[in-house]
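Everything below concerns the one structure shown next.
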There are 2 protein chains.
Amino acid sequence: MNGQFQIAIHILTLLDQANDELLSSEYIAGSININPALVRKEIRNLRNYGLINSKEGKTGGYSLGKAPNNIALSDVYKAVKSHPALGQAKNLPNPACAVGRQINQHLDDLAAEVDTAIISKLTKITLADFSQKFK
Amino acid sequence: MNGQFQIAIHILTLLDQANDELLSSEYIAGSININPALVRKEIRNLRNYGLINSKEGKTGGYSLGKAPNNIALSDVYKAVKSHPALGQAKNLPNPACAVGRQINQHLDDLAAEVDTAIISKLTKITLADFSQKFK
DNA sequence: TTGTACTGTAACTTTTTTAATTACAGATGA
DNA sequence: TCATCTGTAATTAAAAAAGTTACAGTACAA
């Protein structure tokens, strides 16, 4: 997996600490040490999941879309996840082989089970819990 | 993550089905549909973990290093894993920011917790269980 | 009503990671 | 002593991720 989850959590933690004061993408980028456009891109995605509100214009910026104790880290995981954590088989195994013929299906099932375990773990932790560590 | 786990499971399943008959890297590569040198490279790693035996020379090939009911899928996961499943923060956040200063530590802790959950899940499934699906 | 400071988004480039290929030395048995 | 394997390194190619640049659109305020 890539660093999207880390960036998302970083952003959300900053927004929680800001206490509904709007933060700009430039400020957030300064804390993470990445490009503001990248922050905006990531936020666009999180906003689609209702995790962040944005306001355009001169006094614009970002704030949390929900109460931090109502944001489970699994929500963040689901929002940024593009592949199962175990990875996805991208080979095209030999269909003439009894194993090759059906392994991708079984591997996908397994990956789904693991993702379920991850989500179950992350559902127990809220953004409020995580953010608490910085106070 | 990359496809190493999938390839490793594929190889181990083939070896289990072979019932101690030695398989060549070329045969294995033919089932997975990848390059034999890649198979040998992956096997080198798995062998370091005692999961596979190899024999050189004309009648050489590969076999399981342990009984399949004694190989947990978590063993395979540990063998191929190079990064935590959640990903690793590779940014260098701003140390002047209260959040930036300590977030990587907390993110790493979280990633470790998630990895523990994955391993706990995969420990309950053996290669024998998985391989059973193909019989 | 005009300037300023933001967000939103697309297009592009660079970097990093992963996969694939090639080649050949070494081992073993027929 | 030849054929058929493994072991491994070096290289190239392909794919994915990260970073950059640019600019249109929006909203507030002087």
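Lettering follows sequence order; numbering is per chain, from 1.
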For the side chain of A:Asn35, starting at C-beta, report the closest nucleotide among C:dT7, D:dT21, D:dT8. D:dT21
To the nearest Å, how far apart are B:Asn45 CG and C:dT18 P? 14 Å
Below 4.0 angstrom from OP1 or OP2 of D:dT6, is there any side-chain N or O of B:Arg47? no
I want to check one thing: is the phosphate of C:dG8, taken as OP1 and OP2, less than 4.0 Å away from some side-chain N or O of A:Ser54? yes
Rounded distance (Å) that lies between atom C1' of D:dG7 and atom CD1 of B:Ile52: 14 Å
Among D:dT8, C:dT9, C:dC6, which nucleotide has an atom closest to any side-chain atom of B:Ala37? D:dT8
How many Å lie between NZ on A:Lys41 and P on D:dG19, as a whole number? 10 Å
From the set D:dT6, C:dG8, C:dT18, return the single nucleotide nearest to any side-chain atom of B:His83. C:dT18
Heavy-atom neighbours of A:Phe134 CZ exceed 12 at 6.0 Å: yes
The residue among A:Glu42, A:Lys41, A:Lys81 that forms side chain to side chain donor-acceptor pair (under 3.5 Å) with A:Gln4 is A:Glu42
Expressed in angstrom and rounded to an integer, what is the separation of B:Lys81 atom NZ from C:dT17 atom C1'? 17 Å
Here the distance between atom P of D:dA18 and atom CG of B:Asn91, to the nearest Å, is 9 Å
Over 12 foreign heavy atoms within 6.0 Å of CG, A:Asp20: no
For A:Tyr27 and C:dA5, is the shortest distance between a side-chain N/O and OP1 or OP2 below 4.0 Å? no
Ionic contact status for A:Asp129 with A:Lys124, cut-off 4.0 Å: no
Nearest heavy atom decides the nucleotide; on that basis, is A:Ile7 or A:Arg40 closer to the 5' end of DNA chain D? A:Ile7
Passing candidate, side chain to side chain donor-acceptor pair (under 3.5 Å) with A:Ser131, options A:Asp16, A:Asn69, A:Thr126: A:Asp16
Pair A:Ser74-A:Lys78, side chain to side chain donor-acceptor pair (under 3.5 Å): steps then yes or no: CA-CA 6 Å; A:Ser74 54; A:Lys78 289 176 197 165; 4.8 Å; no
How is A:Ile43 classified with respect to the nucleic acid when contacts are heavy atoms under 4.0 Å: base, sugar-phosphate, or nothing? nothing
Interatomic distance where CG belongs to A:Leu46 and P belongs to C:dG8 [whole Å]: 12 Å
Nearest-Å distance for atom pair CD/P, residues B:Glu42 and D:dT6: 15 Å
Less than 4.0 angstrom between a side-chain N/O of A:Arg44 and OP1 or OP2 of C:dT9, yes or no? yes
Reckon A:Ser25 has a side-chain N or O less than 4.0 Å from the OP1 or OP2 of C:dT7? yes
Check the distance between C:dA23's P and B:Leu38's CG and give it to me in whole angstrom. 17 Å
For B:Ala111 and B:Gly87 the tightest heavy-atom approach is CB-O, 4.2 Å
Looking only at heavy atoms, which two atoms of A:Asp75 and A:Asn70 are closest? And how far apart? OD2-O, 4.1 Å
Please list, for nucleotides 28-30 of chain C, all pairs of protein and nucleotide N/O atoms separated by less than 3.5 Å.
from   : atom 1 : to      : atom 2 : distance (Å)
C:dT28 : O2     : B:Lys58 : N      : 2.9

